[in-house]
Amino acid sequence: MKSGDSFEREVDEWVDAIPGEVDAATEAVRQRIGRIARQFERVLADVAEDYEMSAGDWEALSVLARGPGDDGLTPGELGRVLGLTSGTVSVRVDRLASSGLVERTNGTDRRQRPVRLTERGHAAWGRATVTRTSTESAILRDCLSEKEIDTLGSLLGTLLARLETEYGPAPRHDMTRGRSARR
């Protein structure tokens, strides 16, 4: 069955360029999963921009919104989850704080003061997230039936479980631009 996607148009050239024996079907699945993930990153970035934030801002708000309670996270904890340097976290927290989306709580010093969402930040993250998930749902439902979506979810769940058996749990938060959370 022909899909007409970008990888289908270049699969032979791609597989021929790889030295040695390559399972073309496995490579097609891996390439498509990666390309789909990058396209979903575009959706997230576009939606974040519509809400006047960067994809990185959305990621930080998401970690705080889905974090362990109302006390927030220290910048160090936030950096570990997002896989960012302390300097990058500091700049991001400053920007989000100046936008009124996060606030620093009491702590011993600036580096250790937990950061948490403000009501405004939680509302902005919530609106952006609803838009993102609605957009993604519309894309899926435009090309797949309900049964196909369920089947795809189940198949991907089986694959993810196998990969996690080998490499440990996948990061639970969205990570754009190829970053991965540190273990």
Side-chain angles (χ1 to χ4, degrees), residues 1-11 14 25-70 72-73 78 80-84 92 95-96 99-102 115-181:
M1 182 168 93
K2 298 280 185 184
S3 63
D5 67 16
S6 62
F7 188 70
E8 181 180 288
R9 293 187 296 273
E10 62 188 53
V11 63
W14 186 268
T26 298
E27 186 62 15
V29 168
R30 194 197 69 74
Q31 280 292 322
R32 286 183 170 117
I33 289 171
R35 291 176 189 206
I36 289 167
R38 290 186 295 276
Q39 293 295 67
F40 278 128
E41 288 175 2
R42 286 177 154 179
V43 170
L44 188 152
D46 286 351
V47 170
E49 186 177 321
D50 289 345
Y51 286 87
E52 299 179 350
M53 62 180 87
S54 70
D57 293 342
W58 183 90
E59 291 170 348
L61 296 177
S62 182
V63 168
L64 293 169
R66 297 176 356 191
D70 295 332
L73 297 170
L78 189 58
R80 277 189 294 284
V81 172
L82 293 172
L84 300 173
R92 183 154 303 150
R95 184 175 58 245
L96 292 170
S99 298
L101 301 177
V102 302
V115 178
R116 66 179 173 207
L117 290 177
T118 61
E119 284 186 37
R120 180 176 173 206
H122 197 275
W125 172 81
R127 287 189 305 273
T129 300
V130 166
T131 300
R132 178 190 59 81
T133 59
S134 296
T135 301
E136 292 167 347
S137 179
I139 290 167
L140 285 172
R141 294 175 191 298
D142 184 51
C143 61
L144 300 172
S145 70
E146 191 73 34
K147 183 177 180 184
E148 289 170 325
I149 292 169
D150 290 344
T151 300
L152 179 60
S154 178
L155 292 170
L156 291 172
T158 300
L159 178 58
L160 179 59
R162 170 60 181 88
L163 287 166
E164 289 180 329
T165 297
E166 182 83 14
Y167 299 102
R172 82 181 264 247
H173 295 285
D174 291 325
M175 302 305 227
T176 58
R177 296 168 299 286
R179 287 195 320 267
S180 64

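We use all heavy atoms of the structure for the numbers below, so side chains are in, but hydrogens, waters and symmetry mates are not. These figures come from a predicted structure and were not determined experimentally.
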Would you be so kind as to tabulate the donor-acceptor pairs closer than 3.5 Å made by side chains of residues 47-56, with sequence neighbours excluded?
{"unit_1": "Y51", "atom_1": "OH", "unit_2": "T131", "atom_2": "OG1", "d": "2.7"}
{"unit_1": "S54", "atom_1": "OG", "unit_2": "G56", "atom_2": "N", "d": "3.3"}
{"unit_1": "S54", "atom_1": "OG", "unit_2": "D57", "atom_2": "N", "d": "2.9"}
{"unit_1": "S54", "atom_1": "OG", "unit_2": "D57", "atom_2": "OD1", "d": "3.3"}
{"unit_1": "S54", "atom_1": "OG", "unit_2": "D57", "atom_2": "OD2", "d": "3.3"}

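- Using a 4.0 Å cut-off between charged nitrogen and carboxylate oxygen, E41 and R38 do not count as a salt-bridge pair.
- For the atom pair T129 OG1 and R66 CZ, the distance stands at 8.0 Å (nearest 0.5 Å).
- C143 contributes atom SG, which lies 7.5 Å from atom CD1 of I149 (distance to the nearest 0.5 angstrom).
- A pairwise comparison of heavy atoms in L78 and A60 identifies CD1-O, 4.2 Å as the closest pair.
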- request: Mind running side chain to side chain contact (heavy atoms under 4.5 Å, CB included) on R116 and L64 for me, showing each step along the way?
  value: CA-CA 6 Å; R116 66 179 173 207; L64 293 169; 5.7 Å; no
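- S62 contributes no side-chain N or O that, together with a main-chain N or O of W58, makes up a donor-acceptor pair within less than 3.5 Å.
- Of all the heavy atoms in A170 and L160, the pair that sits closest is CB-CD1, 4.2 Å.
- For the atom pair CZ of R35 and CZ of F40, the computed distance is 15.5 Å after rounding to the nearest 0.5 Å.
- Looking only at side-chain heavy atoms (C-beta outward), L96 and V115 stay at 4.5 Å or farther from each other.
- For the pair L144 and T151, the minimum side-chain heavy-atom distance is 4.5 Å or more.
- The CG atom of D150 sits 9.5 Å away from atom NZ of K147, with the distance rounded to the nearest 0.5 Å.
- Atom CZ of residue R132 and atom CG of residue D46 lie 13.0 Å apart, to the nearest 0.5 angstrom.
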task: Decide yes or no on side chain to side chain contact (heavy atoms under 4.5 Å, CB included) for I139 and V43, but give the supporting numbers first.
output: CA-CA 10 Å; I139 290 167; V43 170; 4.0 Å; yes
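- Taking T118 as the reference, nothing meets the side chain to side chain donor-acceptor pair (under 3.5 Å) condition, with sequence neighbours excluded.
- Interatomic distance, L163 CG to L156 CG, rounded to the nearest 0.5 Å: 10.5 Å.
- Other residues, nucleotides and ligands contribute at most 12 non-hydrogen atoms within 6.0 Å of the CZ atom of R42.
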